[in-house]
Amino acid sequence: MRIFLDTANVDQIRQGVKLGIVSGVTTNPSLISKEGLADYKAVVKAICKIVPGPVSAEVVVEGVEPMIEQARDIATWASNVVIKIPATTDGLEVISVLSKEDIKINMTLCFSLNQALLGALAGATYVSSFVGRLDDIGHDGMELVRDIVDVFEYYQLTTEVIAASIRHPEHCVVAAKAGAHIATVPYKVLMQMIQHPLTDAGVTRFLADWQRVSQK
Ligand code: G3P
C-alpha cells in the first residue's frame with residue numbers, strides 16, 4: 001500500500017516527501033481553504049513540483065460542461081496533476097469524457113460499491129473511498145474499501161482504490177489488510193504511524209547501555 005498525504009500544507013508535504021515514503025498528495029477545497037490559499041493554480045503547481053507522484057486537485061464548479069472545462073484547464077497546470085471529480089451523475093459523465101482524453105481522474109466522495117464500480121467503468125484512475133465519514137454515520141467505512149478491492153480484483157479493473165478520510169493510524173492498518181492500493185493520510189496520522197513507545201524506550205535504553213560500556 002502506497003502512502004499519499006491528504007493536505008494542502010506545503011511544509012507538511014515537503015517534510016513527508018523528505019522522509020521518502022510519500023508518493024502522492026490529495027487535496028480538496030476544504031483543505032485548500034484551511035490553509036487560507038487564494039491562488040488555487042499557484043498552490044497546486046507548487047505542490048506538484050514538490051511531490052514525485054500524483055497530486056489530486058478537485059474541480060470547484062458544478063455541471064457537466066463547467067466541470068469538463070475546469071478539469072481540462074487544471075490538467076495543464078502540471079504533468080502529475082490528477083483531477084478530482086465527485087461521484088455524481090454529472091461527475092460520471094465528466095469522467096467518461098476526460099478519461100478518453102488521457103486525463104487522470106480521482107473519483108472522490110465515494111460512499112458505495114456501486115459508485116466505485118461506475119467510476120471504474122467510466123475510466124477513473126483512482127476512486128477515493130471516504131472511510132472516516134462513513135464511520136461517522138455508523139457504517140463500517142473499511143468494509144467498503146474491502147468490497148471495492150475485491151470486486152475490482154474479481155473483474156480485473158485497473159482503477160486503484162484510495163482509502164481516504166483516514167482519521168487515525170488504525171485506519172491505515174485495516175486499509176493495508178483490506179488491500180487498498182493507497183491510503184491518503186493527514187500529516188498527523190503519518191507521524192503517528194511511525195511512533196511507538198517501546199521503540200522510544202528501546203532507543204533510550206540501548207544508548208544508556210552503550211554509554212556505560214563506552215565510558216569504561
Ligand atoms: O481528501 C478527502 C478526504 O480524505 C477528507 O477527509 O477527514 O475531511 O473526511 P475528512
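Whatever order the structure lists ligands and atoms in, that order sets their numbers, starting from 1.
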Give the atoms of ligand 1, by number and element, whose distance to some non-hydrogen atom of Asn28 is under 4.0 Å. 1 (O), 2 (C), 5 (C)

Closest heavy-atom pair and its distance - Thr27, Thr7: CG2-O, 3.5 Å

Report yes if Thr26 has an N/O atom closer than 3.5 Å to an N/O atom of ligand 1; otherwise report no. no

Identity of the nearest option to atom 9 (O) of ligand 1, non-hydrogen atoms only, from Glu58, Lys84, Arg133: Arg133

Determine yes or no for a side-chain-to-main-chain donor-acceptor pair under 3.5 angstrom, with His171 supplying the side chain and Ile166 the backbone. no

Is there a path of hydrophobic side-chain contacts, each under 4.5 Å between heavy atoms of I/L/V/M/F/W/Y residues, joining Met67 to Tyr126? no

Could you measure the distance from the CG atom of Asp6 to the CD1 atom of Ile182? Nearest 0.5 Å is fine. 12.0 Å

Hey, mind stepping through Arg72 and Val97 against side-chain contact (heavy atoms from CB on, under 4.5 Å) and telling me if it holds? CA-CA 11 Å; Arg72 281 182 182 144; Val97 170; 4.0 Å; yes

Which residue and non-hydrogen atom of the protein lie closest to atom 7 (O) of ligand 1, and at what distance in Å? Arg167 NE, 3.0 Å

If I take atom CD from residue Gln192 and atom SG from residue Cys172, how far apart are they, to the nearest 0.5 angstrom? 9.0 Å

What protein heavy atom lies closest to atom 6 (O) of ligand 1? Include the residue and the distance to one decimal. Ser165 CA, 3.3 Å

Shortest protein heavy-atom distance from atom 1 (O) of ligand 1, along with the residue and atom involved: Asp6 OD1, 2.7 Å

I'd like to check which ligand 1 atoms, numbered from 1 as shown, lie under 4.0 Å from a non-hydrogen atom of Ala164. 4 (O)

